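Working notes, beginning with the structure itself.
Note that the structure is predicted; figures quoted are calculated from it, not measured.
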Amino acid sequence: MAMFLPLMVSLLSLLFGNDEAELVFAGDAMMHQGQLDAARRSDGSYDFSEYFMTITPYVLSADYAVVNLETPVSATQHYSGYPCFNAPESYVDALAGAGFDMFLTANNHTLDRHDRGLKATVECLERKGLDHIGTYATTTQRDTVLPCVKNINGIKVGFVNYTYGTNGIEPGREVVVDYIDRERIRHDVRSARDAGAEVIAACVHWGVEYKLQPHSTQTSLAKFLVDELGVEIVIGGHPHVVQPMHMIDLPSGDKGLLVYSLGNFISNMKTRDTRGGAMVRVKLRRDDDGKVKVDKATYVLVYTEPADGSHNYRLVWPDESGDSRAKAFAKAARELVMAFNTDVTESRW
């Protein structure tokens, strides 16, 4: 028996692939007018090459990385910031160059440029060979993309993405936006499981902007996702501030991860709590019985240094920034998570 057990473990490893995979999730990648103005060059192009230089090694060190693209990307329409966003395609190039594999597009700004902008965004991501979920040019395309199950180091992870709304702009007859609808979510999660997903990551655009604690709509939907559907990873966005993160108990008895809000990834927002955000790293591990589990989760804080004439907007580690506002952001964010997080600790990078 002593010889048989190692043999079985070896066979399971061959059957299922590697034992571990690490995922990184980032918050809301915004594109405000100040960012556009600073990135625009004399020839009309836009240069975002400085944006992610500091944090790129962290993102690339993961096996798979996910970011919320909170702007349409339509090269045939006028570029603009709030309230109706539209970014150049070079912004997508910069995010992909930083190591992001999956682009989430279900958010309240996805229809800022109406159906045309949604279609252009999806076409851009498709043309560049980037994974994306949340919005689709047609129902047929949605049926092609979903269920979205990615093989990451031999671990099959299913991804779904939903938004609470689109700022009152309704989609046309062809395009599809994945709004929060419990029956749709139930169907999508079941389909991902049927397609072989061993873990589900639900990325949800929800909550109330600028609130540091989750709204009842967040806690209610989280309970549905976790307790009824058994979703192992829930990642939230939209409030533009960091909200608590928890390792949670799943109905199976295993552990899962619930992040109510990662806050902003990069933006030109100016209040203390919106100047930065968090990235969360999730380690998945296959146990000796071949079952994939959420092993642990950690976070890092990031801060957006605004353009100042010598450099463009850029993400930095707040402790390394010379900007006193970075220290204020980090202090407040750490006080929040230290008071309310459950077994999700900060890592140093």
Side-chain angles (χ1 to χ4, degrees), residues 27-32 66-89 91-92 95 102-128 130-148 158-192 201-209 215 217-218 220-221 224-225 234-240 261 265 267:
D28 302 338
M30 313 292 291
M31 182 52 62
H32 290 97
V66 181
V67 65
N68 175 44
L69 180 64
E70 194 154 354
T71 175
V73 180
S74 176
T76 62
Q77 295 176 290
H78 175 67
Y79 301 132
S80 60
Y82 183 83
C84 290
F85 293 113
N86 185 38
E89 291 191 3
Y91 187 43
V92 169
L95 286 162
M102 166 74 75
F103 288 71
L104 308 173
T105 57
N107 56 67
N108 59 304
H109 287 287
T110 198
L111 285 174
D112 278 6
R113 293 309 181 101
H114 299 271
D115 293 15
R116 182 180 170 193
L118 184 154
K119 288 181 178 180
T121 304
V122 170
E123 289 167 3
C124 169
L125 296 170
E126 288 274 320
R127 189 170 63 253
K128 295 177 184 296
L130 299 167
D131 294 340
H132 63 91
I133 54 171
T135 61
Y136 311 91
T138 63
T139 301
T140 300
Q141 184 185 52
R142 185 182 194 273
D143 292 341
T144 301
V145 172
L146 297 182
C148 178
F159 293 90
V160 292
N161 177 214
Y162 307 95
T163 180
Y164 75 93
T166 47
N167 293 343
I169 305 173
E170 297 293 329
R173 287 186 295 179
E174 287 190 357
V175 303
V176 180
V177 177
D178 276 348
Y179 294 105
I180 294 170
D181 176 280
R182 295 194 181 198
E183 288 312 305
R184 169 177 281 191
I185 296 171
R186 188 189 301 275
H187 174 270
D188 291 345
V189 169
R190 184 183 299 117
S191 296
C203 302
V204 192
H205 213 67
W206 59 2
V208 180
E209 291 181 320
H215 188 264
T217 54
Q218 292 169 272
S220 174
L221 184 59
F224 168 76
L225 291 167
V234 179
I235 305 291
H238 175 63
H240 301 301
S261 174
F265 184 48
S267 77

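- Val67 and Ala29 make their closest contact through CG2-CB, 4.1 Å (heavy atoms, listed as atom of the first residue, atom of the second, distance).
- Proximity of Leu130 to Leu95: side-chain heavy atoms (C-beta onward) are nowhere separated by under 4.5 Å.
- For the residue pair His215 and Gln218, the shortest heavy atom distance occurs at N-OE1, 2.7 Å.
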Could you go through the side-chain contact (heavy atoms from CB on, under 4.5 Å) check for Asp178 and Tyr136 one step at a time? CA-CA 9 Å; Asp178 276 348; Tyr136 311 91; 3.5 Å; yes
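- In this structure the side chain of Glu70 reaches within 4.5 angstrom of the side chain of His240, judged on heavy atoms.
- Separation of atoms OG (Ser220) and CH2 (Trp206) is listed at 9.5 Å; rounding is to 0.5 Å.
- Considering every non-hydrogen atom in both Leu146 and Phe159, the closest pair reads CD2-O, 4.3 Å.
- A distance of 3.5 Å separates SG in Cys148 from CE in Met102, rounded to the nearest 0.5 Å.
- Taking each heavy atom of Val73 and Cys124 in turn, the nearest pair found is CG1-SG, 4.1 Å.
- Contact annotation: the side chain of Thr71 never approaches that of His109 to less than 4.5 Å [non-hydrogen atoms, C-beta and beyond].
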Under the side-chain contact (heavy atoms from CB on, under 4.5 Å) rule, what do Val122 and Val175 come out as? Steps first, then yes or no, please. CA-CA 10 Å; Val122 170; Val175 303; over 6 Å; no
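- Summarising the geometry of His205 relative to Ile180, their closest heavy-atom pair is O-CD1, 3.8 Å, with the distance given to 0.1 Å.
- Atom CG of Asp181 sits about 10.5 Å away from atom CZ of Arg186, to the nearest 0.5 Å.
- For the residue pair Arg113/Ser80, the side-chain donor-acceptor check at 3.5 Å is satisfied.
- Counting heavy-atom neighbours within 6.0 Å of Glu209 CD, excluding the residue itself, gives a total above 12.
- Judged purely by atom type and a 3.5 angstrom limit, Tyr164 has no side-chain atom pairing as donor or acceptor with the backbone of Val204.
- How far OG1 of Thr135 is from CZ of Phe103: 12.5 Å, rounded to the nearest 0.5 Å.
- The aromatic rings of Phe85 and His32 sit perpendicular to each other, their planes meeting at more than 60°, with 30° as the lower class boundary.
- Between Pro171 and Leu111, the closest side-chain pair of non-hydrogen atoms falls below 4.5 Å.
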Check the pair Leu118 / Val177 against side-chain contact (heavy atoms from CB on, under 4.5 Å), numbers first and verdict last. CA-CA 9 Å; Leu118 184 154; Val177 177; 3.7 Å; yes
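- For His132, the side-chain hydrogen bond (donor to acceptor under 3.5 Å, both in side chains) partners at least two apart in sequence or on another chain are Glu126.
- Panel note: side chain Asn161, backbone Leu104; no donor-acceptor pair is recorded below 3.5 Å.
- Judged by distance alone, with hydrogens and angles left aside, the side-chain atoms of Thr105 form a donor-acceptor pair with the main-chain N or O of Ile133 at under 3.5 Å.
- Under the 3.5 Å distance criterion, with hydrogens and angles disregarded, a donor-acceptor pair is assigned to the side chains of Asn107 and Asn68.
- Rounded to the nearest 0.5 angstrom, Arg116 CZ and Thr121 OG1 are separated by 11.5 Å.
- Between Tyr162 and Asp188 there is a side-chain heavy-atom pair separated by less than 4.5 Å.
- Screening Glu174, His114, Gln141 for a side chain to side chain donor-acceptor pair (under 3.5 Å) involving Lys119 leaves a single residue, Glu174.
- Residues Thr110 and Thr163 fail the side-chain proximity criterion, which asks for heavy atoms closer than 4.5 Å.
- Judged by distance alone, the side chains of Thr166 and Tyr179 do bring a donor and an acceptor atom under 3.5 Å apart.
- Residue Arg173 places its CZ atom among 12 or fewer non-hydrogen atoms of other residues, nucleotides or ligands, all under 6.0 Å distant.
- Within the 4.5 Å cutoff, the side chain of Val160 has no heavy atoms near those of the Ile185 side chain.
- Atom CG in Asn167 sits 4.5 Å away from atom CG in Asn108 (nearest 0.5 Å).
- Heavy atoms only, all atoms of each residue included: Gly117 and Pro72 are closest at O-CB, 4.3 Å.
- Annotation: cation-pi geometry satisfied between Arg182 and Phe224 (NZ/CZ under 6.0 angstrom from ring centroid, within 45° of ring axis).
- Checking side-chain atoms of Tyr79 against main-chain N and O of Gln77 turns up no donor-acceptor pair under 3.5 Å.
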